[in-house]
Amino acid sequence: MPAKSKAQQKAAGAALSAKRGETKKSELKGPSKGMVESMSEKQLEELAETKRKGLPEKKKSKG
């Protein structure tokens with residue numbers, strides 16, 4: 001499942017780093033905190049490896 005925005009891709013990368021023990025979970029902010037707990041390492045890898053070219057900064061909200 002590719003990331004839908006640059007922000008989502010960056011958050012997944014931060015969560016993946018914490019999941020692997022490369023950074024402290026206490027250093028995470030915003031959505032990455034929830035991602036590290038609720039997603040597997042494989043899911044985080046899929047989001048984090050998404051190419052950023054052509055992605056919006058943030059996902060547009062519906063409505």
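Proximity of L47 to M39: side-chain heavy atoms (C-beta onward) are separated by under 4.5 Å at one or more points.
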Donor-acceptor pairs under 3.5 angstrom involving side-chain atoms of residues 23-36: please list them, not counting sequence neighbours.
{"residue": "T23", "atom": "OG1", "partner": "S17", "partner atom": "OG", "Å": "3.2"}
{"residue": "T23", "atom": "OG1", "partner": "A18", "partner atom": "N", "Å": "3.4"}
{"residue": "S32", "atom": "OG", "partner": "K29", "partner atom": "O", "Å": "2.9"}

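By the side chain to side chain donor-acceptor pair (under 3.5 Å) test, Q9 pairs with R52, sequence neighbours left out. For S40, the side-chain contact (heavy atoms from CB on, under 4.5 Å) criterion is met by K42, Q43, not counting sequence neighbours. Listed by chain and residue number, nothing satisfies the salt bridge (Lys or Arg N to Asp or Glu O under 4.0 Å) test with E49 (two or more places apart in sequence, or in another chain). Legend: residues meeting salt bridge (Lys or Arg N to Asp or Glu O under 4.0 Å) with E57, ordered by chain and number and at least two apart, are K6. Residues forming a salt bridge (Lys or Arg N to Asp or Glu O under 4.0 Å) with K53 (at least two apart in sequence, or on another chain): none.
One finds no salt bridge joining E45 and K19 here, because no Lys/Arg side-chain nitrogen approaches an Asp/Glu carboxylate oxygen to under 4.0 Å.
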